[in-house]
Amino acid sequence: MSNRIIPIIRQSAGQPLALSTDASGVATGLLLDTLQRPLRDLRISVTDRCNFRCVYCMPRAVFNQDYSYLPHTDLLTFEEITRLARLLVAHGVTKIRLTGGEPLLRKNLERLVAMLRRIETPDGAPLDLTLTTNGALLAKKAHMLKDAGLNRVTVSLDALDDAIFKRMNDADFSVADVLEGLDVAHKVGLAPIKINMVVKAGINDTEIIPMARHFRDTPFLLRFIEYMDVGDSNGWKMNEVIPSRQLLEQISGSAKDMQLMPATSGRADETAKRWRYQDGPGEIGVISSVTQAFCKDCTRLRLSTEGKLFTCLFATHGHDVRELLRNQSDDVLISSALAHLWQLRTDRYSEIRSQQSGPLKKVEMSYIGG
Ligand code: SAM
Ligand code: SF4
Ligand code: SF4
């Protein structure tokens, strides 16, 4: 194949990142970045809109009536998303997570799920197809999503106490809506279901133990997430983070029957470290994105709603693939450009967070997808 240059546009600088296609665009199912990390997970943000205004993600002061969301024509179509996903699966992606914003707000999402479901890995295995949601619309949509081929869901829930939950979501949604969503998702078989609780000191840390107790005897795996410095709008401060170590001590010290011990972990690249109760059944997970970086095992690529690829959650710019998808009919050329993007990846923000000098202009979690 002749040497050709594919431009992928940097979001911030707007400069084309020249990517040569000298290597063959034919995918081998294994791509390694500069730190020898394979590409395995793809997170697809299907909307930048949300019905919640979580204080740590889309604070109302910023995401108000004057905020400009992406116009519909900028969004990748389901056909474009599926084409890109197919090329990335050929490069080694085995798991796709739909996210946002709130993914259940994207119209006809089940049609996208059905399209992605038809993609198989190079050795003929089905994809692990999942979705992260705030749960408010889950009771209504779980059945359709399951029928379309979704495997499972992760549901975010930050408190059991309604007043605290409403302070966190700042949109007057009740815990009961989410619990109903969880129940329906479980009944239709969108399992195993994980629950994500972001803990912000001074707002919902009093809910750590009630949440641990409540979900201990359920089929749901509760995971506590350290509040992260994603984006620029949440006004993150380190003293609002409850380190996982402290949280584990708090649960273990709360009662004799709540003592925790490490559980055997699943996959090496699992972001959550699992802990189980010494006394009887039940497990929790902790995601220590701030205090214990897991960049060395990070195999994730993120696709924003309007077609920019981000090789790190804390990236300051994305690489525009929408133009390629809209103007390039040759899949081999796009495949080569994707390979180069991953092979050039050096990201390890969480490992070097404290060494950063000066503020970075980071993308928002609601835009890039969690
Ligand atoms: N709206 C969906 C939801 O809330 O599940 C999906 C998108 S949301 C951005 C994905 C995940 O990111 C959620 O579990 C949310 O709690 C988490 N998240 C958002 N902002 C965060 C932050 N600053 N620190 C840690 N986790 C955060
Ligand atoms: Fe919306 Fe999810 Fe962000 Fe909350 S965390 S504001 S539900 S996108
Ligand atoms: Fe991956 Fe970037 Fe997070 Fe490190 S900081 S785990 S490279 S997304």
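Computed over heavy atoms, backbone and side chain alike; hydrogens, waters and symmetry mates excluded. In this chain, numbering begins with 1 at the start of the sequence shown. Each ligand, and each atom within it, is numbered from 1 in the order the structure gives. Just so you know, these numbers come straight off a predicted model, no measurement behind them.
Under 4.0 Å is where a charged nitrogen must lie from a carboxylate oxygen, and between Asp183 and Lys187 at least one such pair does. With respect to Arg322 and Glu80, no salt bridge is recorded, no charged nitrogen being found less than 4.0 Å from a carboxylate O. By the 4.0 Å N-to-carboxylate-O rule, Arg83 lies close enough to Asp331 to be salt-bridged with it.
Counting the atoms of ligand 3 from 1 in the order shown, those under 4.0 Å from a heavy atom of Arg302 are 8 (S). Close approach to Met58 involves these atoms of ligand 2, each under 4.0 Å from a residue heavy atom: 6 (S). Against a heavy-atom cut-off of under 4.0 Å, Thr99 is close to the following atoms of ligand 1: 6 (C), 7 (C).
Protein atoms of type N, O or S found under 2.8 Å from atom 2 (Fe) of ligand 3 total 1.
In this structure, Tyr67 and Phe63 have tilted ring planes: the angle between them lies in the 30° to 60° band.
Contact annotation for Cys54 and ligand 2: heavy atoms of both the backbone and the side chain come within less than 4.0 Å of the ligand. Heavy atoms from both the backbone and the side chain of Thr132 come within less than 4.0 Å of ligand 1.
Heavy-atom separations between Gly100 and ligand 1 include at least one value shorter than 4.0 Å. A heavy-atom separation below 4.0 Å is found between Gly101 and ligand 2.
Between Ser156 and ligand 1, an N or O atom pair is found at a separation short of 3.5 Å. Residue Asp158 has no nitrogen or oxygen atom sitting less than 3.5 Å from a nitrogen or oxygen atom of ligand 1, judged on distance alone. Of the polar atoms of Cys50, none of the N or O atoms is found under 3.5 Å from an N or O of ligand 1, judged by distance alone.
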